[in-house]
Each structure stands twice: as C-alpha cells, then as structure tokens.
2 protein chains.
Amino acid sequence: MLSTRLGTIKGVHVRSHVRSDGRITGHIPVSPPTLADVAELAGVSRQTVSNAVNNPDLLRADTLERVRRAIEDLGYSPNRAARNLRTRTSSLIGMRFAPAQEGTANAAIDRFVHSLVEASEVAGYHVLLFPGDDLDPVRGYDDLLRSTAVDAFVVTDTWLGNPQAAWLTDQRAPFVAFGRPWDDPGATHPWVDVDGAAGIRLATEHLFDQGHTRIAWIGWRKDSPLGEDRRSGWSTTMHAHGLPTTGLASRVEDTVQSGAEAAAVLLDESAPTAFVCASDTLAMGVLHTLWIRQLAPGRDIAVVGFDDSQVAQVFPGGLTSVRQPLEQAAVEVVKALEALLTHQPVENPGVLLKPTLALRGSSVV
Amino acid sequence: MLSTRLGTIKGVHVRSHVRSDGRITGHIPVSPPTLADVAELAGVSRQTVSNAVNNPDLLRADTLERVRRAIEDLGYSPNRAARNLRTRTSSLIGMRFAPAQEGTANAAIDRFVHSLVEASEVAGYHVLLFPGDDLDPVRGYDDLLRSTAVDAFVVTDTWLGNPQAAWLTDQRAPFVAFGRPWDDPGATHPWVDVDGAAGIRLATEHLFDQGHTRIAWIGWRKDSPLGEDRRSGWSTTMHAHGLPTTGLASRVEDTVQSGAEAAAVLLDESAPTAFVCASDTLAMGVLHTLWIRQLAPGRDIAVVGFDDSQVAQVFPGGLTSVRQPLEQAAVEVVKALEALLTHQPVENPGVLLKPTLALRGSSVV
DNA sequence: GTGAAAGCGCTAACAC
DNA sequence: GTGTTAGCGCTTTCAC
C-alpha cells in the first residue's frame, strides 16, 4: 500500500507519494490527491470515483468498497473549486453581518447566525459572512452574486425601505428572508419570521394573570412595522380584557436611555404597575428607572422585555422576556433555501413561528 | 452597444444578449458574462481582459479603458470558482463558530467575528463559518482543508488541551490563533491576544485609587491558564501596594451562580469592599449577591468585570469592565494572515494587545 | 503590450 | 456498471 502524508509547507500543499503522473515527490510542493490519484490507486476510471462520491448507488458493492478504501488511504476530499466550477454551485450561503450594536441588549442576529451555521451544515452548506456598505447597501450582495460566489443569500434586515429584498428579487437571486416583507405584502420570496404580536400577547396575558390591570407599553416609533406589530399584541390583549390603554403607551428610540425616560414619564402620569417592552434594551431602561426610584422589579413593578437576551438571563433576579425560537427559525430558513435551490414549487412562501415566554423575577414575585 | 441584462430565473442565470459564441439568447438560461464575452465586446483577447482585472499596469491606457468599459457594460465579475481553481486560492478564511453560550454574559467571540468580517473585507477575504463537532474537534478543519475550501483558518479556542492548533501545525495548514498558545510556549504559529493580566491590573489599580484596600478576586479554576494570567494581574497589583490577598481569592466555574456563591462566601469570611472578576458573568453573580443583600454596587461594594459585554453596558448604573480591543485584534489577525499567505517571513509570531477599562457605576460613586 | 495554448479538478453526457 | 470525452472560466506560461 502506498504510504501518503498530506499537508502544507508554508501554505503550499506537499505530499510524499508516487503521483499518478509518475512523479515521485518527497515533501516537494504538489497538490493534494485528486480524483485521478484515487482512480489510479483503486484501478478504476475517474468517473467511477466521482460516482462513488456523488452517486454511490450506481456502483457495484465491491467496486464501491475498493474506491472507498483508496479515498481513505489517500485522504482524498474533492476539490471544492473544481466542483464549484463544474456544477455552478458553491454550497455557500451568504449573509450580511452588520457591526455589533453596543450599548443595547440586542444580539438576536448573533444567536441566529450561530443557529444558521449549525442548520446549514446539516444541509451541506457553509455560511459566508460579508460586511455591509452604508453607502451602497447592495454592493456586497452584487459582488457575490455576479462572481457566483454563493448559492443564495439569507437576508435579515427586512425593515421598511430596505432595498435588498426587492433588489435581489429583481436580480432573480435566490434568497430567503428572516423577517416578513413588511413594506411589500405582495412579495413572493420565501421568508421566515417570528410572530412578535403573539409573543407580546403571551407577555401581556401573563401580566394580567399576575393581577396587573394597568399595563404600560414601551415600543418603537410608529414607522417600524415590526414595532407596531408587537404593539398590537399588547393593545389587543388589553382590549380583550377590557383594560384601559389610554396614556399607557409610549413610542421611543430603541435605547436604554429612551426606555428609562419613557418609564419615568409613564410612572408619573399614568401609574402603571407593569411594563411590556418591545425589546430587552427598552426593558433595561425601565429597570434603570426602577433602580433610581428604589422600586423592586417584580415586587413593586413588573417588567417584560423581548428577545431573551443574555442581559435578560443574567440580570439579578432575571428579566422576563419573550424568546424567539431562533434555532427553529434557522432550520426553517435552510429548509426554504433547499427548496429554492432544488427548484421545488414554493407552496408556502412565509413561515411564522411562535415565540415563548421566559419567566423570571422581573414579573413574578 | 449591446444591451445586456443579467439575472437568474429560478436560480438559473439568464441573459438577453448576443453571446460570444453567436447564440442569441433572450432570457434563456445561460451563464453570466465571462472573460470571453468581455474580450469580444472590447475587441481584445481573453488574457488582456484578465490582465485588465489583475494586472492593469500591463495594459496601455486606452486598451485598459476600453476593457474597463466593456466590463462595466456587461456587469462582468470574474467567476470565483474558476479563479479559485486556477489560482488554488479561495479568498476565504475559515472559522469555527461554536454555539452561543446562554445564561452567561460571554459574547466576546461574536464581537470578534463582527470585527473579523470587516477587517477581512479590506484584505479581500470573506469569512466562512463552520460548526464544531464535539466528537471530533478537527473534523470541520480537516474537511475544509482537504477540499481546499479555505485559504486559512482563524482559531479562537486556544484553551489548554485543545488539539486544533497542534493539529493544524502538523498539517502545515495556514492559521492564526486569537489567543496565546498557553499549553505550548514553543509554538511557532502566529497569534494575537489581549493582555488579560494588564487589564486586571488596570482594574485593580482603579479600585485602589478609589480607596479600596480589601479587593477580592473571583476567577476560574486553576487549570485555566487564561484565568491564572488574569488572576496574576490582581495579585501583582495587590502585592505592589502591600495589600493582603489571603482569603480574598476564589476560583470557580464561569457561571453567574458560582460567582454569586463565591461572593457570598467572601463577603462573609473576608469582608472585601471590592471585587475584581475574571468575567462579566462572574461579576453579574457578585451583583446578584449584592442585590440579595441589599448592598448598592459602587456605593457599598465595588465590582469590576471583564469583557465589557452588553450586559455590563446596560446594567442599571453600569458594570465597570475590562474591554478587549477586539476590532484591533481582528485587524492584527488579518495582518498576520496576509503575511502568512504571502509567505512573508514571520518576524513576530505573537501580538499582545492592551485592553482598556470601561468605567461605570459599579466601581465609581 | 498583446495573443495563443494549456490545464487547474471536477462532473454531465454519452458510449460501451 | 464502468469508461471516454468534453468543457466549466479562469490564469500562467510563452510567443510575437
């Protein structure tokens, strides 16, 4: 049996092995083993090796076994670039990864990426991250698309007025959105989203169950459909129980400071006993105001956030928060991606997932 | 001028354009424009187009301009797979992205990835994420390496006993570590790290400046060189000021619960007035204990964490924390990667960066 | 400065 | 079931 060792010297692949082309190489820079090397060692044609890798069912059991052994012995792995060139695929999913938001509790996208990496692996994909360009939001997409560097995109920033989804649709580029097409109900691209309104309904019901009747809402500005959707979860639940909402809602920027200020005003003017917030960031603002006023979260005033961030989890006493099933979302995104890339008929372009409520000390005595 | 529109229909690229091979295609599935298409339109050979893209200096100004215009008109972008195959490079940097840690404040890796994506872009690289395999820690690396899917790796989990760095070195695979080779001082691979001891010295000095003399340490178990390094920052500073350390140190698991318990014990037995912690997670544990005991962070007891996590930033009053310069670390990692991949002589395999201290209410009155 | 030829490693199509 | 042929799109020689 040929003894072969693979590796790279200063970035150049080397191998000590008698090559298929007859050259004898002892740690002289050469390529990793190719299909041809495996074919020669196994005594079959290159195509048979290819079939052994991609369509094993086509081979006779003994041939397959022989080829498998040769692959094992040589440590062969198909060259990605060659396969990509030939099949016009890359097994890569592109996703724009915007800079981290500091000073907030927002990290849902990071958690989503973790899940996406895991879910993609199962489907044979890897995740390629690319940065955004503030001046030209489609630049990164355009570059990757035209150089056929990725098979598809996952788009996560689906806010109002974001041109990416429309642009990708226009380019007929395969993509799945994590987030509903808020600004375009007629959009036909596949998407996966979490039902924020349902999450806030859970939160509000929970507070009602705890005996609260004056439940305040702190959310985002009116031009955020996502924020308005979450807000509707609060208002519907309040109305369903015949509870007042007047003077109990506030719409602010998504910062701790804004949340703190909104909470102070609401406490002074409307005396709520509980707060439901559109984000953990805003909820931390509320907790900040409670801290200043020496009010105990959970005991004096209840607070619920949204996203079940690390902040919610490690805050002393804990912050009750709506948790998005991001692992599940990633799985659904990959599922949609696979359907898209195998040209399966799109039955259901939109998948809406139900969040859960992580109960902690800020809302339970 | 030829009018050309690019796109994909159901994932297949189409173009309405008279092809270089003479076929007239009107939204019939074909490939995106190739070098040959550009060459034809510009009236030059394919190699000249290649040169225009990769070695523009070789062309005469007018030729270059003509080719550039053709590239622009066709919306040409070199096919990545073809280029990768030919050049045996991928412009991809692989990094293992382990599942997110919940229930902790740890998110430094996420922040690092954000920075890495930005820094890589500048050098013409993209970041490819792959999941870990608990049963076989080198599997993901091995697969990508043998299929020549990435040019290099960034290794972030350099804890004791981690086989990846040694394995990659053995495979002669190009990689840069974010984190020192704690277990192998003789390691020759490039690495970038943050001086944790210096960070903790900053923190301890700060507390000393605030008038504290009984400063406790809560760190990790002794088998963590990273933890012991940070701990040394505390002990050296204490000794330098002639302050006692006996009974003021605790080594525990990196969880909120452990931090809380350690703080309770230390408070009962050694009456410290300040805590320095190896992580924000442990610091949150301390804050939890203070909360239970109705002690005010900053006023009654000072607390400093490590990592300047979102948690530290949004905690009411704020948690003072050592901040790692992760943006800078990413830049240094990419720099080392470029040197490695262009076979520049490695002058300085290790880069140690200085952290800063983010001052907040938990340590300042 | 520009062009012609070759080939990277793989798989689709077809022959046997 | 296996082998042969061709070619994906690019860059690297080497002529001219």
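Bear in mind that the values here come from a model prediction, so they are computed numbers and not experimental data. Numbers restart at 1 for each chain; the letters A, B, ... are given by sequence-line order, proteins then strands.
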Within the structure provided, determine whether B:Ser77 and A:Asp143 are in side-chain contact (heavy-atom separation under 4.5 Å). no
Between C1' of D:dG9 and CG of B:Leu74, the distance in whole Å: 15 Å
Just checking, any donor-acceptor pair under 3.5 angstrom between side chains of B:Asp151 and B:Thr89? no
When the nearest nucleotide of DNA chain C is assigned to B:Leu59 and to B:Arg86 on a heavy-atom basis, which residue is associated with the more 5' position? B:Leu59
CD of B:Glu65 versus P of C:dG1: gap in Å, rounded? 18 Å
Euclidean distance, atom CG of residue A:Asn84 to atom C1' of D:dG9 [Å, nearest integer]: 13 Å
Does A:Lys335 form a salt bridge (charged side-chain N to carboxylate O under 4.0 Å, His left out) with A:Glu338? I'd like the steps, not just the answer. CA-CA 5 Å; A:Lys335 205 185 284 181; A:Glu338 286 189 281; over 6 Å; no
Just how far, in rounded Å, is C1' of D:dC14 from CG of B:Leu58? 14 Å
Does the side chain of A:Gln47 come under 3.5 Å of the side chain of A:Asn51 through a donor N or O and an acceptor N or O? yes
The residue, B:Asp62 or A:Leu85, whose nearest nucleotide of DNA chain C is more 5′ is B:Asp62
Looking at B:Arg83, does any N or O in its side chain come under 4.0 Å of the phosphate oxygens OP1/OP2 on D:dT11? yes
What's the CZ-C1' distance between A:Arg66 and D:dT2, to the nearest Å? 11 Å
Look up atom CZ in B:Arg66 and atom OG1 in B:Thr48, then write down how far apart they are to the nearest 0.5 Å. 9.0 Å
Distance-only donor-acceptor check, side chains A:Ser90 and A:Asn84, under 3.5 Å: no
Value in whole Å for how far the C1' atom of C:dC8 lies from CG of B:Asn79: 13 Å
Which residues share a side-chain contact (heavy atoms from CB on, under 4.5 Å) with B:Arg83, sequence neighbours left out: B:Val53, B:Asn54, B:Pro78, B:Thr87
OP1 or OP2 of C:dT2 less than 4.0 angstrom from a side-chain nitrogen or oxygen of B:Arg60, does that happen here? yes
In whole angstroms, the gap separating P of D:dT2 from CG of A:Asp57 amounts to 13 Å
If only side-chain N and O atoms of A:Thr63 are considered, is one of them under 4.0 Å from the OP1 or OP2 phosphate oxygen of D:dT2? yes
Check each residue of residues 44-55 of chain B for a non-hydrogen atom within less than 4.0 Å of any atom in DNA chain C, then write out the ones that pass by number, or none. B:Val44, B:Ser45, B:Arg46, B:Gln47, B:Thr48
